[in-house]
Protein chains: 2
Amino acid sequence: MLKIFEGDGAAGKNLIFQLKRRGSKSSPEIERTVAKIIEDVQAHGDTAVRDYTLKFDGALPEQMELDKAEIHRAVQSCDPAFLTALDRASRNIRDFHERQKQQSWFATRQDGVMMGQRIHALSRVGIYVPGGTAAYPSSVLMNTIPAKIAGVGEIVMTTPPGKGGRPNPNILAAASVAGVDRIFQVGGAQAIAALAFGTETIPMVDKIVGPGNIFVATAKKQLYGTVGIDMVAGPSEILILADETANPAFLAADLMSQAEHDVLASAILLTTSRAVAEETVKEISRQVQSLSRREMIEKSLENYGAVIVCGNLNDAVAFANELAPEHLELCVSKPMEYLGRIDNAGSVFLGEYSPEPLGDYFAGPNHVLPTSGTARFFSPLSVDSFVKKSSFLYYTKQALEPVKEDIMTLAQTEGLTAHANSIRVRYSNGL
Amino acid sequence: MLKIFEGDGAAGKNLIFQLKRRGSKSSPEIERTVAKIIEDVQAHGDTAVRDYTLKFDGALPEQMELDKAEIHRAVQSCDPAFLTALDRASRNIRDFHERQKQQSWFATRQDGVMMGQRIHALSRVGIYVPGGTAAYPSSVLMNTIPAKIAGVGEIVMTTPPGKGGRPNPNILAAASVAGVDRIFQVGGAQAIAALAFGTETIPMVDKIVGPGNIFVATAKKQLYGTVGIDMVAGPSEILILADETANPAFLAADLMSQAEHDVLASAILLTTSRAVAEETVKEISRQVQSLSRREMIEKSLENYGAVIVCGNLNDAVAFANELAPEHLELCVSKPMEYLGRIDNAGSVFLGEYSPEPLGDYFAGPNHVLPTSGTARFFSPLSVDSFVKKSSFLYYTKQALEPVKEDIMTLAQTEGLTAHANSIRVRYSNGL
């Protein structure tokens with residue numbers, strides 16, 4: 001099911017082109033549907049939210065907001081081993097993200113001038129959590145913990161009402177551990193619109209983060225600027241660079257862990273060893289037998305998987321930088337020597353004991369990463385995603401005096417005489 | 001022309017509501033036009049760019065790219081006083097932005113684990129510079145210098161061809177001082193599309209920054225995610241908080257310096273002193289006589305200007321945080337005491353010798369700021385706007401062993417058995 005290519009360049013280029021185009025694009029119909037939902041929620045608040053919930057989720061929970069006691073009961077019902085693992089993971093994630101905190105700074109001058117940059121946490125943030133089979137507690141940790149560390153005043157979660165009006169208890173456990181303040185049972189574009197504008201029940205937020213289906217993604221994109229959003233997420237991918245020392249059983253397992261996500265997931269192995277390439281393909285056939293999502297894995301490997309044999313690791317690094325993968329594993333004998341040459345990748349996993357799932361769940365770095373080549377310009381979700389900066393400036397009369405002519409010259413060159421006047425008036429008696 | 005309100009709360013709320021809705025919204029027609037331009041440029045490259053340039057700019061420059069000699073000649077033709085002022089401003093801007101540089105960091109553990117976050121400059125960035133009357137050299141400095149300091153590999157500027165096919169020499173001087181590498185005479189949505197996809201002549205960039213008309217803004221929004229963009233810019237505003245010690249002549253001048261920008265610009269004075277309010281209105285009538293953009297000033301003050309007399313500075317601060325203005329001047333006797341209470345503002349100007357034009361042109365902080373209330377979640381343009389982060393992770397066999405059960409538990413809870421398999425396979429002989 002997995003093709004082996006020779007790394008002649010052309011095959012690689014073609015593959016990158018295909019992969020970058022595979023995003024689940026919104027259609028004009030979806031755009032219009034979402035625009036209408038947004039308009040209705042802005043105009044009619046809770047009434048519109050309830051109508052759309054009934055229409056799309058098929059049932060209306062008695063109350064939009066979950067009460068604390070209900071959340072507590074749900075958490076109590078979870079598997080203790082799961083709760084322990086969740087707690088340990090959250091400690092690691094907290095430890096990593098604590099290191100991202102930036103400080104406000106300022107500079108002073110002898111003439112009394114002061115200026116600087118302040119860092120403020122956002123006041124209120126919304127975390128969207130999908131329902132159904134895509135309900136991932138780990139994603140709740142990864143989206144919430146950085147916001148908490150940034151110092152966000154209130155963290156509001158929305159998630160579609162589950163079957164029978166009860167949300168997934170594992171999701172609620174993750175929300176508790178991570179520090180979510182309020183939880184609303186609302187999903188889809190109506191949830192995004194409610195968070196952006198606020199309704200009688202759901203408070204307005206400054207930024208919305210978290211994954212969602214095409215309606216959620218389209219609503220976030222349409223509301224970008226009215227509210228902050230995280231990034232435009234596409235289907236995810238892994239690229240593994242391997243030399244002849246790599247263990248094909250590990251490579252096979254790691255490729256499949258990416259491929260099981262969804263039919264658009266991409267898993268690519270780029271190796272300098274034909275033997276490793278061939279063994280990995282065999283290992284996949286062997287290991288896939290025992291995996292519950294076998295069908296999905298085979299489908300996504302068929303469509304967006306590849307094993308490429310290339311001449312040397314330099315070519316492999318160049319390919320990685322061109323693809324700008326979400327996840328990049330360096331399964332080579334001296335992985336650290338290559339780190340400095342990786343310009344474009346969301347997260348880099350070094351050596352054979354740093355498999356992607358270690359990062360997805362546990363080690364500390366965020367698993368919300370730029371996808372589909374956007375690692376060229378987007379960054380992983382971080383504490384920085386939940387702060388805003390502002391600058392400040394304090395000048396004295398003595399400091400402004402010697403530079404007033406320069407400022408007026410610049411203003412006049414741009415034809416903005418009122419700007420020049422604002423400087424001039426401070427040094428003239430009357431006008 | 002400027003109304004004085006009593007700060008009864010309702011008037012203020014109403015004003016904020018109006019101001020936040022005044023953005024120059026794109027229409028479905030503009031959306032369609034821009035979508036078509038993007039499609040054509042993606043499909044036909046230079047040919048489409050040339051067709052649209054001829055159509056919208058009325059003339060086609062002989063060559064899209066300006067050559068170095070031509071740029072040099074243009075700079076030589078500029079007023080020496082302007083060049084000196086530009087150079088001094090660029091030093092201050094550089095000095096401020098140098099302080100924003102972030103370092104890559106990593107952490108090690110005794111068990112051999114390493115993880116961290118790397119900071120990389122973007123490889124190539126596009127700066128859009130509008131033509132005609134909105135050609136502001138200061139804006140070229142503010143958009144380019146942070147990119148240069150971030151270490152961006154190549155900075156490409158596009159600007160519409162001027163009358164007679166020659167761009168504004170002051171713009172070229174600013175581009176030279178700031179460190180722009182290549183300049184193309186292309187404007188509008190076609191320039192944005194060309195930068196996003198690349199053409200035979202114009203190189204593909206990772207991020208596009210800089211102001212533009214509604215076609216440029218719409219193209220940037222539509223391409224967000226295909227390429228990085230700066231922020232969604234709306235009409236700009238100033239809010240001045242003043243107590244009874246403030247100088248009405250200064251307040252009047254500063255309000256007008258904002259009001260002269262365009263008809264949607266907003267200038268609001270909030271003061272605890274009715275005498276200051278009344279004197280400021282009189283000063284505006286007096287000073288406006290001598291200003292070249294008098295008509296614009298009167299129009300924008302009429303539509304989006306206000307003087308509000310409020311009971312105390314606490315109310316004024318609450319209003320400022322609600323409005324989240326682009327520029328905030330604190331013309332009060334102890335301005336520093338209020339800085340810590342300003343949560344939402346792009347840039348804060350403290351005291352009576354820190355007028356907004358000092359920041360617009362000269363002092364150092366960036367003048368590309370979040371507008372229309374988006375200071376709630378957007379930040380000023382900064383060195384951070386031109387970098388991306390990536391995380392990395394290195395685990396050892398000994399470090400992974402004791403946590404393998406936790407990771408497998410989390411993966412299995414989410415139903416992702418291939419994720420669990422990727423951990424298991426590393427500790428089993430075969431499967």
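Convention: sequence-line order gives letters A, B, ...; per-chain numbering from 1. If you're wondering where the values come from, they're calculated on a predicted model, not measured in any experiment.
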(request) Measure the shortest side-chain to side-chain distance between A:Leu122 and B:Arg376 over non-hydrogen atoms and say whether it is less than 4.5 angstrom. (result) no

(request) Could you tell me which portion of B:Arg99 (side chain, backbone, both or neither) has an atom closer than 4.5 angstrom to a non-hydrogen atom of chain A? (result) both

(message) Just by distance, no angles: are the side chains of A:Ser138 and B:Glu414 close enough, under 3.5 Å, to form a donor-acceptor pair?
(response) yes

(request) Taking the six-membered ring for Trp and the single ring otherwise, decide whether the centroids of A:Tyr224 and B:Phe378 are under 6.0 Å apart. (result) yes

(request) Report the distance from atom CZ of B:Phe362 to atom CG of A:Asp406, rounding to the nearest 0.5 Å. (result) 4.5 Å

(request) Please look at B:Leu339 and chain A and tell me whether the side chain, the backbone, both or neither of the residue comes under 4.5 angstrom of a heavy atom of that chain. (result) both

(message) At a 4.5 Å cut-off on heavy atoms, which part of B:Pro370 comes close to chain A: side chain, backbone, both, or neither?
(response) neither

(message) If I compare all heavy atoms of A:Val425 with all of B:Phe250, which pair ends up nearest, and what's the gap?
(response) O-CE1, 3.7 Å

(request) Please examine the side chains of B:Thr417 and A:Glu260, heavy atoms only from C-beta on, and report whether any two atoms are closer than 4.5 Å. (result) yes

(request) Answer yes or no: is there a donor N or O on one side and an acceptor on the other, between the side chain of B:Lys388 and the main chain of A:Asp343, under 3.5 Å? (result) yes

(request) With rounding to the nearest 0.5 Å, note down the distance linking CG in A:Leu350 to CE in B:Met115. (result) 11.5 Å

(message) Which heavy atom of B:Asp206 sits nearest to which heavy atom of A:Phe377, and what is that distance?
(response) O-CD2, 3.1 Å

(message) Are the side chains of A:Ser347 and B:Phe392 in contact, using a 4.5 Å heavy-atom criterion?
(response) no

(message) Quick check for you: to the nearest 0.5 Å, what is the distance between B:Ser390 atom OG and A:Asn344 atom CG?
(response) 9.0 Å

(request) Please flag which part of A:His419 lies under 4.5 Å from any non-hydrogen atom of chain B: side chain, backbone, both or neither. (result) both

(request) State, to 0.1 Å, how close B:Gly225 and A:Thr374 come at their nearest heavy-atom pair, and which atoms those are. (result) O-CG2, 3.3 Å

(message) Under a 4.5 Å cutoff for heavy-atom pairs, which residue among B:Ala411, B:Ala420, B:Pro365 has the most contacts with chain A?
(response) B:Ala411

(message) Using heavy-atom distances under 4.5 Å, tell me whether B:Leu291 contacts chain A through its side chain, its backbone, both, or neither.
(response) both

(message) Is A:Met296 in contact with chain B via its backbone, its side chain, both, or neither, using a 4.5 Å heavy-atom distance?
(response) neither

(message) Looking at every non-hydrogen atom in both residues, tell me the closest pair between A:Arg118 and B:Val348 and how far apart they are.
(response) NH2-CG2, 4.4 Å

(message) Looking only at heavy atoms and a cut-off of under 4.5 Å, which of A:Pro137, A:Ser123, A:Ala107 has the most pairs with chain B?
(response) A:Pro137

(message) So A:Lys221 and B:Lys221, do their side chains get closer than 4.5 Å, heavy atoms only?
(response) no

(request) To the nearest 0.5 Å, tell me how far A:Tyr353 OH sits from B:Tyr427 OH. (result) 6.0 Å

(message) Report which part of A:Pro28 has an atom under 4.5 Å of a heavy atom belonging to chain B: side chain, backbone, both, or neither.
(response) neither

(request) Output yes when A:Arg426 and B:Asp254 qualify as a salt bridge under the 4.0 Å nitrogen-oxygen rule, no when they do not. (result) yes

(request) Identify which part of B:Gln222 has an atom lying under 4.5 Å from any heavy atom of chain A, answering side chain, backbone, both or neither. (result) backbone

(request) Report the distance from atom NZ of B:Lys389 to atom OG of A:Ser382, rounding to the nearest 0.5 Å. (result) 3.5 Å

(message) So for A:Met114, is it side chain, backbone, both, or neither that comes closer than 4.5 Å to the heavy atoms of chain B?
(response) side chain

(request) Provide the closest heavy-atom pair for A:Ser422 versus B:Pro355 in the form atom of the first, atom of the second, distance. (result) OG-CB, 3.3 Å

(request) Kindly indicate, with the supporting measurements, whether the criterion side-chain contact (heavy atoms from CB on, under 4.5 Å) is fulfilled by B:Leu416 and A:Tyr361. (result) CA-CA 11 Å; B:Leu416 297 177; A:Tyr361 288 112; 3.5 Å; yes

(message) Between A:Trp105 and B:Gln100, is the side-chain contact (heavy atoms from CB on, under 4.5 Å) condition met? List the steps.
(response) CA-CA 9 Å; A:Trp105 57 261; B:Gln100 292 174 331; 3.8 Å; yes

(message) Out of A:Ile342, A:Asn168, A:Asp79, A:Val387, return the one with the most heavy atom pairs under 4.5 angstrom to chain B.
(response) A:Ile342

(request) Name the member of A:Asn170, A:Leu358, A:Ile423, A:Leu330 that forms the most heavy-atom pairs with chain B at distances under 4.5 Å. (result) A:Leu358

(message) To check you understand the geometry: which heavy-atom pair defines the closest contact between A:Pro357 and B:Ile407, and what is its length?
(response) O-CG2, 4.0 Å

(request) Check whether B:Asp360 gets within reach of chain A through its side chain, its backbone, both or neither, counting any heavy atom under 4.5 Å. (result) side chain

(request) Check whether A:Ala375 gets within reach of chain B through its side chain, its backbone, both or neither, counting any heavy atom under 4.5 Å. (result) backbone

(request) Evaluate the criterion side-chain contact (heavy atoms from CB on, under 4.5 Å) for residue pair B:Leu410 and A:Leu86; output intermediate values, then yes/no. (result) CA-CA 7 Å; B:Leu410 292 168; A:Leu86 199 66; 4.1 Å; yes

(request) Tell me, for B:Ala363 versus chain A, whether the close heavy atoms (under 4.5 Å) come from the side chain, the backbone, both or neither. (result) both

(message) Using side-chain contact (heavy atoms from CB on, under 4.5 Å), reason through A:Val403 and B:Arg88 one step at a time and then give a plain yes or no.
(response) CA-CA 9 Å; A:Val403 299; B:Arg88 288 184 183 142; over 6 Å; no

(message) For the interface with chain B, which of A:Gly351, A:Ala89, A:Gly359, A:Gly415 has the highest count of heavy-atom pairs at distances below 4.5 Å?
(response) A:Gly415

(message) Any non-hydrogen side-chain atom of B:Gln102 less than 4.5 Å from a side-chain atom of A:Asp384?
(response) yes

(request) Calculate, to the nearest 0.5 Å, the distance between atoms OG and CG belonging to B:Ser391 and A:Leu381 respectively. (result) 11.0 Å

